[in-house]
Amino acid sequence: MGLRVLIVDDNQVARLLLSSMLSMAGHEPVAEAENLKSTLAAYQKHFPDLVTLDLSLAEGDGLTVLRMLRKLDSGARVLIVSGNTQRQVMEQVMKEGALGVLAKPFTAEDLAKSLEGIEPR
């Protein structure tokens with residue numbers, strides 16, 4: 001059985017692409033969000049197995065979203081999906097509890113590798 005995933009990105013095309021890739025890999029995109037408020041609401045409603053989170057959001061930033069998700073649920077599993085792969089930023093997100101980082105642009109194979117070992121709740 002696949003993972004139930006909340007997709008967080010302020011770019012609708014990026015959300016659609018990720019949703020399609022997840023579906024083709026046997027996972028279930030349960031919701032999409034584009035900012036902190038919609039992310040927290042969707043997380044509480046769906047309690048997903050995984051959150052994919054872009055760091056660059058039009059309203060706020062992904063690091064704040066990551067912190068708030070982990071405050072809401074210390075067991076929240078978050079995969080950062082971002083074009084910002086600066087070492088300092090990556091160290092910070094890992095310190096804040098992210099499972100890992102998937103650098104944009106990515107392929108379906110890259111996504112599959114990033115999800116290996118993550119089990120449904």
Side-chain angles (χ1 to χ4, degrees):
M1 182 176 170
L3 299 169
R4 297 173 58 256
V5 184
L6 166 59
I7 301 168
V8 182
D9 196 307
D10 63 345
N11 182 307
Q12 184 179 9
V13 173
R15 290 193 312 266
L16 288 171
L17 178 62
L18 190 49
S19 180
S20 177
M21 285 181 166
L22 286 164
S23 294
M24 288 189 306
H27 302 291
E28 179 187 359
V30 293
E32 296 179 6
E34 58 187 25
N35 56 39
L36 176 62
K37 185 177 178 181
S38 61
T39 299
L40 295 178
Y43 190 88
Q44 290 175 301
K45 179 177 180 182
H46 298 282
F47 197 63
D49 299 318
L50 179 71
V51 176
T52 62
L53 174 62
D54 187 14
L55 291 178
S56 302
L57 302 173
E59 293 179 38
D61 66 281
L63 190 54
T64 300
V65 173
L66 173 60
R67 287 180 181 136
M68 294 301 291
L69 280 171
R70 302 278 298 159
K71 187 175 182 179
L72 179 69
D73 174 9
S74 62
R77 297 184 292 180
V78 181
L79 175 66
I80 302 300
V81 181
S82 180
N84 182 352
T85 56
Q86 297 173 20
R87 185 170 163 220
Q88 173 183 340
V89 174
M90 295 304 100
E91 289 173 357
Q92 184 65 35
V93 297
M94 296 307 287
K95 182 179 167 185
E96 296 289 343
L99 290 179
V101 178
L102 177 60
K104 289 179 180 179
F106 57 88
T107 64
E109 291 78 24
D110 297 330
L111 176 61
K113 284 180 189 174
S114 294
L115 300 179
E116 283 178 3
I118 303 172
E119 297 292 327
R121 290 185 190 234

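In this text, all values refer to a predicted model and were calculated from it rather than measured experimentally.
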Nearest-0.5 Å distance, [atom1] of residue [X] to [atom2] of residue [Y]:
X   : Y    : atom1 : atom2 : answer
T64 : N35  : OG1   : CG    : 12.0 Å
L36 : L57  : CG    : CG    : 9.0 Å
R70 : R77  : CZ    : CZ    : 10.5 Å
D73 : K71  : CG    : NZ    : 14.0 Å
L50 : I118 : CG    : CD1   : 5.0 Å
L17 : I7   : CG    : CD1   : 9.5 Å

Side chains of [X] and [Y], heavy atoms from C-beta outward: is any pair under 4.5 Å?
X    : Y    : result
V5   : D49  : no
H27  : L115 : yes
L102 : T52  : no

Contacts of R87 that satisfy side chain to side chain contact (heavy atoms under 4.5 Å, CB included) - sequence neighbours left out: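 With sequence neighbours excluded, R87 shows a side chain to side chain contact (heavy atoms under 4.5 Å, CB included) to E91, given in chain and number order.
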Please name the pair of heavy atoms, one in G2 and one in P120, separated by the smallest distance, quoted to 0.1 Å.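 It is O-CG, 3.7 Å.
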So, for L53 and G62, which heavy atoms are closest and what is the spacing to 0.1 Å?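 In terms of heavy atoms, the two residues are closest at CD2-O, 3.3 Å.
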Common cluster, [X]/[Y], ILVMFWY with side-chain heavy-atom separation under 4.5 Å:
X    : Y    : result
L16  : F106 : no
M68  : V51  : yes
L111 : M24  : no
L99  : L72  : no

If the condition is ring pair (Phe, Tyr, Trp, His ring centres under 6.0 Å), which residues does F47 pass it with, not counting sequence neighbours?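 Scan of F47 (ring pair (Phe, Tyr, Trp, His ring centres under 6.0 Å), adjacent residues dropped) gives Y43.
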Under 3.5 Å, sequence neighbours excluded: what are the donor-acceptor pairs made by side chains of residues 78-86?
{"unit_1": "S82", "atom_1": "OG", "unit_2": "N84", "atom_2": "N", "d": "2.9"}
{"unit_1": "N84", "atom_1": "OD1", "unit_2": "Q86", "atom_2": "N", "d": "3.2"}

Tell me, with the steps shown, if V89 and L63 meet side-chain contact (heavy atoms from CB on, under 4.5 Å). CA-CA 9 Å; V89 174; L63 190 54; over 6 Å; no
Pairs where residues 81-101 contributes a residue and the test ring pair (Phe, Tyr, Trp, His ring centres under 6.0 Å) is met, not counting sequence neighbours: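 Passing the test, one end in residues 81-101: no pairs.
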Given L6 and H46, is the side-chain contact (heavy atoms from CB on, under 4.5 Å) satisfied, shown in steps? CA-CA 8 Å; L6 166 59; H46 298 282; over 6 Å; no
Does anything in residues 96-116 form a side-chain hydrogen bond (donor to acceptor under 3.5 Å, both in side chains)? List the pairs, not counting sequence neighbours.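 Passing the test, one end in residues 96-116: D9-K104, D54-K104, R67-E96, Q92-E96, T107-E109, T107-D110.
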Enumerate the residue pairs fulfilling side-chain hydrogen bond (donor to acceptor under 3.5 Å, both in side chains) with a member in residues 15-26, sequence neighbours excluded, ordered by first and then second residue.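 Of all non-adjacent pairs touching residues 15-26, those that pass side-chain hydrogen bond (donor to acceptor under 3.5 Å, both in side chains) are R15-E32.
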